[in-house]
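Comments concern the structure below.
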Amino acid sequence: MKSPALTRAPTTLLDRLAEVYPAAECSLAHRSPFELLIATILSAQCTDRRVNLVTPSLFTRYPDTANLSQAELSEVEELIRSTGFYHAKARHLIGCAQGLMQHHHGKVPATLRELISLPGVGRKTANVILGTAFQIPAMVVDTHVSRLAQRFGWTTARDPDRIETELAELLPRRYWITTSHLLIAHGRAFCKAPTPDCSTCPIFALCPRQGVTKSR
DNA sequence: ATCCCGAGGG
DNA sequence: CCCTCTGGAT
């Protein structure tokens, strides 16, 4: 069945974004589900670059779920300090590992419900895991995706859950995770809050909103 | 000073 | 819906 909304699907814009950000999808794809879970929890309010700085030593010290589940809190805190929010994140990492050991045979589950029930895993993190590690259709809605979806006129909703629903209806399932990664990449590079860099934006010509948003 | 690829808790 | 948690980049 073909939804009328699907005709609004901005395929030209997405194709162009895919050209501009060819690596957007695979930036995290090389990680195992375990490593991706850890890296995604660490990425809250923190850039990838800083996450990539601490993960090597973290994974060397705690190669798998069993090791991490028995980690000393203060030791984990020290290893991840530079990513910010380290106290909460360290507790979440260890709590996740313990949850995986107790309820999932030490492995990362592949359902939204099970993922969200892990400490420190919310809807955004869960969808990153599903879409990127398990190739299950998933729409990741973070602050970038919300902002760009609004600027592009794909939604008028503010609530992330509603935005997720609307984008999921707007786009074919196989585009969900790709679109998420492309919007995130573009939101970081040019379409920033509150003032996007429209003058150097590589997709300005295709932007449904060009010039309307206050920009530089 | 101000802002980050969030989640949990009040 | 609000607040808090954190260091680092700009």
_Counting the atoms with a prime plus P, OP1 and OP2 as sugar-phosphate, which does A/Ala193 contact under 4.0 Å by heavy atoms, base, sugar-phosphate, or nothing?_
sugar-phosphate

*Assign A/Val128 to base, sugar-phosphate, or nothing according to its heavy-atom contacts below 4.0 angstrom with the strands shown.*
nothing

*Any luck finding a side-chain donor-acceptor pair between A/Glu114 and A/Ser117 under 3.5 Å?*
no

*Would you call the rings of A/Phe152 and A/His186 parallel, tilted or perpendicular, where under 30° means parallel and over 60° means perpendicular?*
parallel

*For residues A/Leu100 and A/Pro109, determine if any side-chain heavy atom of one lies less than 4.5 Å from a side-chain heavy atom of the other.*
yes

*Is any side-chain heavy atom of A/Thr55 closer than 4.5 Å to a side-chain heavy atom of A/Arg31?*
yes

Length of the line joining [X]:[atom1] and [N]:[atom2], which is rounded to integer Å:
X: A/Leu115; N: B/dA7; atom1: CG; atom2: P; answer: 11 Å
X: A/Asn127; N: B/dC5; atom1: CG; atom2: P; answer: 18 Å
X: A/Leu42; N: B/dC4; atom1: CG; atom2: C1'; answer: 15 Å
X: A/Arg49; N: B/dC3; atom1: CZ; atom2: C1'; answer: 17 Å
X: A/Ile184; N: B/dG6; atom1: CD1; atom2: C1'; answer: 12 Å
X: A/Leu93; N: B/dG8; atom1: CG; atom2: P; answer: 12 Å
X: A/Arg91; N: B/dG6; atom1: CZ; atom2: C1'; answer: 14 Å

Quote, to the nearest angstrom, the [atom1] distance that separates [N] from [M].
N: B/dG10; M: C/dT6; atom1: P; result: 16 Å
N: C/dC1; M: B/dC5; atom1: C1'; result: 23 Å
N: C/dG8; M: B/dG8; atom1: C1'; result: 23 Å

*Can you see which heavy atom on A/Leu118 is nearest to which on A/Cys96, and at what distance?*
CB-SG, 3.9 Å

*asked:* One thing to verify: whether A/Arg162 and A/Glu166 come together as a salt bridge, which I'm taking to mean a side-chain N less than 4.0 angstrom from a carboxylate O.
replied: yes

*Before accepting this row, confirm whether a basic side-chain N of the pair A/Arg61/A/Glu75 lies closer than 4.0 Å to the acidic partner's carboxylate O.*
yes

*Of all the nucleotides listed (B/dG6, B/dG8, B/dC5), which has the minimum atom distance to the side chain of A/Thr47?*
B/dC5

*asked:* For chain A and DNA chain C, what are the first and last nucleotides along the strand, 5' to 3', with at least one atom under 4.0 angstrom from a heavy atom of the protein chain?
replied: C/dC5 to C/dG8

